[in-house]
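Notes follow the structure.
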There are 2 protein chains.
Amino acid sequence: MPSGPSTDAERDAPALRRKGELTAGRILDAAEALFAEYGYAGTTLRDVATRVDLRIPSLYNHFASKEALYAAVLERGIGPVLEILGEFNAQGASRGNPAAVIERVMQLLQRYPNLPRLVFQEALAGGHRLTPMLRERIAPVFGRASEMVVASPGAGRWTAEQVPLLVLAMYHVLVGYFVSASLFADLNGGDLLSPPMFAQQTALLREIVTTLFPADPIATP
Amino acid sequence: MPSGPSTDAERDAPALRRKGELTAGRILDAAEALFAEYGYAGTTLRDVATRVDLRIPSLYNHFASKEALYAAVLERGIGPVLEILGEFNAQGASRGNPAAVIERVMQLLQRYPNLPRLVFQEALAGGHRLTPMLRERIAPVFGRASEMVVASPGAGRWTAEQVPLLVLAMYHVLVGYFVSASLFADLNGGDLLSPPMFAQQTALLREIVTTLFPADPIATP
DNA sequence: GAATAGAACTAGCGGTCGTTAGTTTTCAGA
DNA sequence: TCTGAAAACTAACGACCGCTAGTTCTATTC
């Protein structure tokens, strides 16, 4: 057992542990887009394989089953969002102003446009396909967001029972914008995901939030 | 042309033209619930048949294919909503106040709780499965709603570019509430569809709308 | 450069899908 | 009550689904 640099069980990844991890990433990309657009049942492993230019059995070298692939897609997609919300929560509810959270989330959703549709597919399914682990991480988010709103400066006019419904409403406005983008383009012609429209939506959200939660302390009697 | 009662081609239905139309209605009910919950791809004709206690081929006596059944479900579900919105629009944009429309729609959605999920399933699919006829009827609704808001008393503070996005946001808040109900119950325990919660949501919506569109003319400078 | 494990492949299985053909039962109208 | 059509049924087809066994190619590691 001449150690040297030592063949210790798990040494840290140099940069990319195996070539296959790159393939796994490409599979996740393809599956994410397809699951978001067609849902779980509407997505076939054949579609995924075709999209990454592989044969179906090769997928099983990276993911044990279709369900496991779906869980991995969800985990990779939702993880970053939960982290961001966690950061905001850690900053202390006092300092976090709602408008800032919303702009941050909008930026994130613009980078991952598949995510809102993915989340809504899951919401429509009633969360039946959520990993227990993921469910545990998602569950507290809503309550924390409500606490944050309650502690924010301009929350005075809303009762404790109204705040959760307000949070839910803001969530629907945020993600609904992305979910409806394709249908909106089909029916009305405008592209909601274009930069100017996106900027308008962000500005509108800021205005709505500052109207519903007037930050100036002069408004409170 | 001696009319009388006359065996004229199509006389109005006495009450129920054929026994089979009742069966068709039961099939539509079952299919609506299943399509709303599991989506198009996730719903099986076997599931539908089981739900109405029939064998699969009997479904084909009433609907030519799975796609035709889906189109019929959508048509029957969305039709009443379009009519209500049409009524409001016909009343003249001047008289229709946004809060009234919202309460009316909420009442309607409470009666047809499957409808919002059905609509969102279609939105996620990008409207690819919309009948051309249905698409034509849905397309103008959004523009009309925007016109109505623009013409309403308290719309002064919003620009012409903001109004469509506001309408879209309100739409997402309205239907999102029903779409998220099951996931919300799963994660947080509260039943959004219970009467007290529903009343709270309605009241909150009224308050939000009157805040965003202050009706009192004293507010306009 | 040889050894070895990882990652791709071919071929195919069992099951379920939407759909059809053909037959029997049920029901409305004379 | 009789008759014809509407509406239910049985049986089964071809296509596609997720998945597996077994094999070949490829890349990492001494």
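Values in this document were obtained by computation on a predicted structure and should not be read as measured data. Letters A, B, ... mirror the listed sequences (proteins, then strands); counts begin at 1.
- Using a 3.5 Å distance cut-off with no hydrogens or angles, the side chains of A:S180 and B:H172 do pair a donor with an acceptor.
- Figure legend: cation-pi geometry between A:K66 and A:Y40, with NZ or CZ positioned under 6.0 Å from the six-membered ring centre and within 45° of its axis.
- Rounded to a whole Å, the CG atom of B:L22 is 12 Å from the P atom of C:dC27.
- Between B:E75 and B:R137, at least one side-chain nitrogen of the basic residue sits less than 4.0 Å from a carboxylate oxygen of the acidic one, meeting the salt-bridge criterion.
- If you measure from atom CG of A:L45 to atom P of C:dC17, you get 17 Å, rounded to the nearest angstrom.
- Using a 4.0 Å cut-off on heavy atoms, none of the residues of residues 30-42 of chain A approach DNA chain D.
- When only modelled atom types and interatomic distance are considered, A:Y70 and A:Q121 share no side-chain donor-acceptor pair under 3.5 Å.
- Here A:F184 and A:Y177 keep their ring centres 6.0 angstrom or further from each other.
- Counting to the nearest Å, the P atom of C:dT19 and the CG atom of B:L59 are 10 Å from each other.
- B:R206 and B:E103 are joined by a salt bridge, as a carboxylate oxygen and a charged side-chain nitrogen come within less than 4.0 angstrom of each other.
- One can place CG of A:D47 at 12 Å from P of D:dC16, the figure rounded to the nearest angstrom.
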Please encode protein proximity along nucleotides 7-12 of chain C as a string of B, S and -, counting only heavy-atom distances under 4.0 Å. BBBBB-

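- Applying the salt bridge (charged side-chain N to carboxylate O under 4.0 Å, His left out) rule to B:D29 yields the partners B:R76; only residues at least two apart in sequence or on another chain are considered.
- For the helix from C:dG1-D:dC30 to C:dA30-D:dT1, the terminal axes (five pairs an end, C1' atoms, rotation from four pairs onto the next four) enclose an angle of 30°, given to 10 degrees.
- A salt bridge does not link B:R26 with B:D53: none of the charged nitrogens is closer than 4.0 Å to a carboxylate oxygen.
- With sequence neighbours left out, the ring-ring contact (aromatic ring centres under 6.0 Å, His included) criterion links B:F120 to A:F120.
- For A:E136, the salt bridge (charged side-chain N to carboxylate O under 4.0 Å, His left out) test picks out no residue, with sequence neighbours left out.
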